[in-house]
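For clarity, every value in this text was computed on a predicted model and none was experimentally measured. Whatever order the structure lists them in is the order used to number ligands and atoms, beginning at 1. Each residue takes its place number in the sequence, starting with 1.
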Amino acid sequence: MCGIVGYIGNQEAAPILIKGLKSLEYRGYDSAGVSIYNDKINSVKTKGRLSNLEKKLDTVSLNGCIGIGHTRWATHGEPSDVNSHPHMNSTSTISLVHNGIIENYMVLKEELEANGHNFLSETDTEVAVQLVDYYYKQSNNLLDAVYKAIERIEGSYAFGVLCNDEPDKLIAARKDSPLIIGIGEGENFIASDIPAILEHTRDIYLLEDKEVAVVTTEDITIMDMNKNIINKEVFNVTWDICAAQKEGYDHYMLKEIYEQPKVIKDTLTPRLPLDVNNITLDNITLTKEVLRNINKIYIVACGTASYTGLVGKFLIEKIARIPVVADVASEFRYKEPILDEKTLMIVVSQSGETADTLAALRLAKKAGAHVISIVNVVGSTISREADDVLYTLAGPEIAVASTKAYSAQLCAMYLLSIKIGMELEKISQEEFIELRKELYLLPEKVEKVLEQSDAIKKLANKYINSKNVFYIGRGLDFAVSMEGALKLKEIAYLHAEPYAAGELKHGPIALIEDNSLLVGLTAYEQLYEKTVSNIKEVKARGANVLAIALEGNTEIDKIANDVIYVPRTHWMFTSILENIPQQLFAYYISVGLGHDVDKPRNLAKSVTVE
Ligand code: M6R
C-alpha cells in the first residue's frame, strides 16, 4: 500500500520523483503528492491518479534537488487533496510521507491537540509529522525528533522526512512496511520498491525493521533504535528495467500473461537438473529426517497466493499423506493455531511484504516451527525472515491482478510436493522421471493455451453482460475455480463466486437464472464425470455454460454452450493450464467493459496493512 520515493542530489527532484512514483503506482493510486525543498519546502498534492498531480505540476514550477513523493492507498480518511501526502507541520517546515498504519494515532492526536497542534486532515500520518514537529521544537535536531516520534508510534511505518532547517538530508525509517535506500554517485534515493529507482542505480540497502537512515547527497548512515551504526551489505539488483515496462502490450496484465511460458521455465528448470534424478530446492533442506520430524504442515497466504496454498494442500496430502492446513493469513493468527517445533509452515507471497502473511510467519517462528517461504520479490521481508526461501522467478509483476506470479507459485508448489513425496518414498525414481518430463513440457503447453487468446476474447465479449458468474470444480479444479472468480471480480467488477461443484445444490443453485454464467472446470479427471453431472444440473436451470476441459474430453461439447480445451498433462499440473483461459477471459471482459485493467478500483498490489 502507498508508494514512497525520495531524492537528494544535484538533479531536479520533481521529474525523478514523478517517474519513480509512476513505477510505484501499483501500490496505491487514489491520490499523490510531492514536497521539494528550494529555500523552503513547497508541496503540491492532489486527489486522484498521478496524472492529476502531473497536470497540477505543469502549472506550478517546483524546482529543487531534494524532495519526497507519495502515491496513496487510503486507510484513514477518504482520498482528497487534504488527506494526500506529504503531510506538513503547521508552519510547513517539516514534510513527511508514510506507508503503513499508526495504530495509536487517536491517543497521540489528543495529546498533540492538548499541546496546541491543529490538524487539517483525517489521516493517521498527520499525527506523525506533528509529533516530529513537537520533538523538533525541543531539540532542533531532525534525527532526534524522528527517533523520539517513532518511539511513541505503534503500528507500521515507512517514513520519509524532509526539514526546512536541515535541508542537506532526508531521514528514512521503517517498521513492518518496506523501504529501500538507493545508492547513487553524488545522489541517493529512498523508495518503497526497487522499480522506482532502478533507472538510477542497481545498488541498494534493504532497510530492516526499526532501522533509521540519514541520507545525504554523499552519504548514507543506517542506525538501529539506539543510534548504533549498522554496516549493511549492498544488495545488487540483477533484473532489468524493461522487465518492469509494458513493452508494446496494451496492459501490464496482458504482458505478464504472455510471459508465463518463460516464467514457468525459469522457475522449474534450475530445480530440475537432467543429470540428477532429484529436485534441487536451492538451499532448502527437506530430507527424510527433517520430514519425519514433522507432524503437520500449514500453508498460509492471502488472496491469489492462498489459492496456491489450496493446490499445495491437495497435492501434499494426496502424495505424502501428511495433514496440511491451508489458511488465509488474515484469519490464521487469530485462531490460536497449534504450532510447535514439529510444524512446517509454508508461506506464499508475490510481494513478500503482505502484512498478514508476515505476521503468520512471525507467529510460527516464535513457536519454533520451521518456515519455508515461496516469494517472488528478492530481498523482501518475508524472504528474509523465513528460515528458507524458494524464489519464484517471475520477475517484477506490475499489474495489480496476479497472473504470472500465481503460475510461478504453482510451479514452486509442484516442486515442493514432489520433493516431499520423493523423500518420503511415495514417489519412485521412475515416477519422478515421468513427472520431470511433464514439467519440462509445461511451457510449450501454456503457449498452446495462449494461442487461443482470440477465441477466448470472443467468448469474453459473448458473456460480457452476464449478471452472476459461478465457477465450479471438484478436487484441484475447485482450488483453481477460486482464482478464476477472484480475477473476474477484481478486474471486471462482475459478481463471481467459486463453489465446490457438489455444493451448488445445497443452496447457491437457487441463484441460477437465465443469463447466469457457469464456468465449469473439469480438468481434474478423477472426478470428471461427477463435475459434468453438476454442470448438467445448472444448465437445466437456465445458465449458460462455459467449460474448460482437457483435450479429448469432447463429450462436454454436448452439454456446454462453449468449451475451451487445454492440453493434457499429468493430473498434478492441470491447474496451471486450466487457469490461463480464466486469466484471459477476465482480462478481455475487463477491457471490453472499459475498466482500468492494471489498476482496478479500490485495490493495491502490495497489502502492507492488516
Ligand atoms: O504479494 P502477495 O502475494 O502476498 O499478495 C497477496 C494478495 O494480496 C494478492 O494475491 C491479491 O489477491 C491479488 N490482487 C490477486 O490478483
Under 3.5 Å side-chain donor-acceptor pair for Asn376 and Thr392: yes

Face-on cation placement of Arg72 at Tyr29 ring, 6.0 Å and 45° thresholds: no

Cationic N near anionic O, under 4.0 Å, Lys47 to Asp30: no

Among His251, Arg49, Arg601, side chain to side chain donor-acceptor pair (under 3.5 Å) partner for Asp596: Arg49

Charged N-O contact under 4.0 Å between Arg174 and Glu211: no

Neighbouring residues of ligand 1, heavy-atom cut-off under 4.0 Å: Cys302, Gly303, Thr304, Ala305, Ser349, Gln350, Ser351, Thr354, Val400, Ala401, Ser402, Leu486, Lys487, Glu490

Residues Ser481, Ile472; criterion side chain to side chain contact (heavy atoms under 4.5 Å, CB included); working and verdict: CA-CA 6 Å; Ser481 73; Ile472 66 163; 6.0 Å; no

